[in-house]
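Heads up, the thing below is written out as structure tokens.
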Amino acid sequence: MIRIDAIWLAAEPLDMRAGTDTALARVVKVFGAARPHHAYLFANKSGTRMKVLVYDGLGIWLAARRLNRGRFVWSDSGSTDTVALNTEQLQALVTGLPWKTLTADHAIAVL
């Protein structure tokens, strides 16, 4: 199991042809550094694919996910470049659900 202490979402899309080195370079550019046990999420422009880069302190993990139907609910690029997510928000995001309404205390914040 890969330990993940923090989850970060990048608002700007990533070309899904990007490999490990390109995704790592984007993490450094957007987040300043790839920190151990942090996950960095990127989507393509259409929101149908996602890549997750995790640095576990020893090496880089790069995973991809594609939705067969629908789109990932992503952050607006106009509001901020990066967004911190909690575990529940990540679970909602990867299944295509509206994660923005979930807060740490499970309260509904936006209707």
Side-chain angles (χ1 to χ4, degrees):
M1 191 60 113
I2 303 169
R3 184 179 119 206
I4 297 175
D5 297 335
I7 306 159
W8 298 94
L9 180 141
E12 290 294 319
L14 177 70
D15 184 345
M16 290 295 115
R17 297 173 293 180
T20 306
D21 292 334
T22 304
L24 179 59
R26 177 65 75 87
V27 166
V28 171
K29 179 182 176 188
V30 173
F31 298 96
R35 303 206 187 317
H37 309 293
H38 285 219
Y40 303 94
L41 287 69
F42 296 92
N44 63 346
K45 192 177 282 190
S46 65
T48 57
R49 295 174 188 250
M50 174 193 315
K51 282 206 174 179
V52 179
L53 184 136
V54 177
Y55 173 47
D56 66 4
L58 300 173
I60 302 294
W61 295 82
L62 184 63
R65 179 161 174 89
R66 180 189 70 182
L67 291 178
N68 291 326
R69 286 198 264 174
R71 300 183 188 292
F72 292 109
V73 179
W74 214 253
S75 179
D76 301 327
S77 60
S79 60
T80 183
D81 291 337
T82 63
V83 177
L85 301 177
N86 61 36
T87 307
E88 291 81 15
Q89 289 172 320
L90 175 64
Q91 291 299 322
L93 172 67
V94 298
T95 55
L97 297 174
W99 58 271
K100 296 176 188 178
T101 59
L102 300 175
T103 60
D105 62 357
H106 299 284
I108 296 173
V110 178
L111 292 179

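Worth saying up front: this structure is predicted, and the values here are computed from it rather than measured. Computed over heavy atoms, backbone and side chain alike; hydrogens, waters and symmetry mates excluded.
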State yes or no: do L41 and L67 share one hydrophobic cluster built from I, L, V, M, F, W and Y residues joined by side-chain heavy-atom distances below 4.5 Å, directly or via other members?
-> yes
Cluster check L85, M50: I/L/V/M/F/W/Y, side chain < 4.5 angstrom = yes
Could you check whether any side-chain heavy atom of [X] comes within less than 4.5 Å of a side-chain heavy atom of [Y], counting everything from C-beta outward?
X	Y	answer
L90	I4	no
W61	V52	no
W99	V83	yes

Judged by atom type as modelled, is there a donor-acceptor pair below 3.5 Å linking the side chain of [X] to the main-chain atoms of [Y]?
X	Y	result
N44	M16	no
R65	V94	yes
W74	E12	no
K51	L62	no

Minimum heavy-atom distance between [X] and [Y], given as atom pair plus value:
X	Y	result
A33	V27	O-CG1, 3.9 Å
A23	A18	N-CB, 4.4 Å
G96	V73	O-CG2, 3.9 Å
Y55	A34	CD2-O, 3.5 Å
T48	G70	CG2-O, 3.9 Å

Qualifying salt bridge (Lys or Arg N to Asp or Glu O under 4.0 Å) pairs, either residue in residues 18-43, two or more places apart = none
Show your reasoning for whether side chain to side chain contact (heavy atoms under 4.5 Å, CB included) applies to L93 and L9.
-> CA-CA 10 Å; L93 172 67; L9 180 141; 3.7 Å; yes
Assign the ring pair H38 / W8 to parallel, tilted or perpendicular, where the plane angle (0 to 90°) is split at 30° and 60°.
-> parallel
Enter the distance from L53:CG to F42:CZ here, rounded to the nearest 0.5 Å.
-> 7.5 Å
Point-to-point distance, once rounded to the nearest 0.5 Å, from CD of E88 to CD1 of I7 | 9.0 Å
Any residue meeting side-chain contact (heavy atoms from CB on, under 4.5 Å) with R17, in chain and number order, not counting sequence neighbours = D15
